[in-house]
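First listed ligand is number 1; within each ligand, the first listed atom is number 1.
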Amino acid sequence: MATVNPTISVTIEVNGQSHSRTMEPRRLLAHFLREELALTGTHIGCDTTQCGACTVLLDGQAVKSCTVLAVQAEGHHVTTVEGIGRMGALHPVQTGFWEEHGLQCGFCTPGVMMASIGLLSQNAAPTDADIRAGLEGVICRCTGYQNIVRAVQHAARLGDQTHDGSVQAAAALHGEGC
Ligand code: FES
Ligand code: FES
């Protein structure tokens, strides 16, 4: 007799929109975002919780979405890289990566940017050492990290700009949705 896996109904707010799905309780948040919502900016670069490519904000805190069950995000606010800015109104971290060329292949970049936003929400004026320590959970194979540090410093200097992208992100960082 075939085994029927149990399912559960889960509702999560992602980038300001509520999404309800029925799924197995073991479904990872990273897979929920990519496969159910087509938010493929959240990358999966390992199966050992090491690379950080899957980093998103959960109520403003940077988390590795491959280590969070979707059901654990029930009733919480998730922000992915798709939710932090848009063309013409980039988030300061996106501007920093653009201006300081904080990427090469770009595979790690969504996770690094989300981790950077989490870092800046805790420490608005980090030293280079603070940035390197704060981003130790995300791995970049290309850049050597120097331009990533410059990009985060650039974003910190931009501070609390009030264009749409930063307002949206600031709301997400404070758990208010986008
Ligand atoms: S995919 Fe590598 S830490 Fe999540
Ligand atoms: S830019 Fe290629 S892995 Fe970071």
Side-chain angles (χ1 to χ4, degrees), residues 10 12-15 19 21 23-74 76-87 90-122 126-156 158 165 169 172-173:
V10 177
I12 306 172
E13 187 185 293
V14 180
N15 299 334
H19 299 274
R21 295 288 189 281
M23 65 187 76
E24 290 183 47
R26 65 180 177 175
R27 191 144 181 78
L28 297 173
L29 180 58
H31 292 154
F32 171 78
L33 294 170
R34 289 179 56 83
E35 295 167 15
E36 302 281 346
L37 305 187
L39 294 172
T40 53
T42 298
H43 291 169
I44 295 177
C46 72
D47 57 9
T48 53
T49 315
Q50 288 185 308
C51 75
C54 63
T55 301
V56 300
L57 301 180
L58 182 61
D59 292 340
Q61 298 264 339
V63 298
K64 294 180 178 180
S65 61
C66 74
T67 64
V68 177
L69 295 170
V71 67
Q72 290 177 289
E74 161 85 20
H76 294 276
H77 306 285
V78 174
T79 306
T80 71
V81 72
E82 290 90 346
I84 62 170
R86 55 184 164 75
M87 292 303 291
L90 297 180
H91 185 281
V93 165
Q94 292 173 312
T95 301
F97 276 73
W98 175 270
E99 294 292 340
E100 303 294 342
H101 197 63
L103 64 146
Q104 288 185 26
C105 80
F107 186 83
C108 72
T109 308
V112 176
M113 288 198 298
M114 300 314 287
S116 299
I117 293 171
L119 167 66
L120 290 171
S121 74
Q122 307 283 323
T127 64
D128 286 3
D130 291 336
I131 294 169
R132 289 180 183 277
L135 298 183
E136 67 179 359
V138 289
I139 294 172
C140 176
R141 292 176 182 272
C142 302
T143 63
Y145 298 97
Q146 188 57 41
N147 282 7
I148 289 176
V149 173
R150 291 193 184 112
V152 178
Q153 289 290 19
H154 191 112
L158 290 175
L173 286 173

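- When each atom of ligand 1 is checked for a heavy atom of Cys54 under 4.0 Å away, the hits are 1 (S), 3 (S), 4 (Fe).
- Of the inter-residue distances, the one linking Ser116 atom OG with Leu135 atom CG reads 4.5 Å to the nearest 0.5 angstrom.
- A donor-acceptor contact shorter than 3.5 Å links the side chain of His43 to the backbone of Phe107.
- The contact set between ligand 1 and Gly45, taken as ligand atoms under 4.0 Å from a residue heavy atom, comprises 1 (S).
- Using a cut-off of 2.8 Å, one finds that Cys140 contributes no N/O/S atom close to atom 2 (Fe) of ligand 2.
- Atoms of ligand 1 lying under 4.0 Å from at least one heavy atom of Thr49, given by number and element, are 3 (S).
- At distances below 3.5 Å, at least one donor-acceptor pair connects side-chain atoms of Arg34 with backbone N or O atoms of Thr42.
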message: If you apply the rule side chain to side chain contact (heavy atoms under 4.5 Å, CB included), what do you find for Arg27 with Glu35, and how did you get there?
response: CA-CA 11 Å; Arg27 191 144 181 78; Glu35 295 167 15; 2.9 Å; yes
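- Not one N, O or S atom of Cys108 sits under 2.8 Å from atom 2 (Fe) of ligand 2.
- Annotation: atom 3 (S) of ligand 1 to nearest protein heavy atom, Gly52 N, 3.2 Å.
- In terms of modelled atom types and a separation under 3.5 Å, the side chain of Gln153 and the main chain of Pro126 share a donor-acceptor contact.
- Vertex atom 2 (Fe) of ligand 2, arms ending at SG of Cys142 and SG of Cys105: the angle is 100° after rounding to 10 degrees.
- Panel note: side chain Ser65, backbone Cys54; a donor-acceptor pair is recorded below 3.5 Å.
- Set against the non-hydrogen atoms of Gln50, the atoms of ligand 1 under 4.0 Å away are 3 (S).
- Atoms of ligand 1 lying under 4.0 Å from at least one heavy atom of Cys66, given by number and element, are 1 (S), 3 (S), 4 (Fe).
- For the residue pair Cys105 and Cys142, the shortest heavy atom distance occurs at SG-SG, 3.6 Å.
- Nearest protein heavy-atom contact of atom 1 (S) of ligand 2 is Gln104 N, 3.2 Å.
- Proximity to Gly106 (heavy-atom distance under 4.0 Å) selects the following atoms of ligand 2: 1 (S), 2 (Fe).
- Numbered from 1 in the order shown, with element, the atoms of ligand 1 that lie under 4.0 Å from a heavy atom of Cys51 read 1 (S), 2 (Fe), 3 (S).
- Put simply, the side chain of Asn147 gets close to the backbone of His101: a donor and an acceptor are under 3.5 Å apart.
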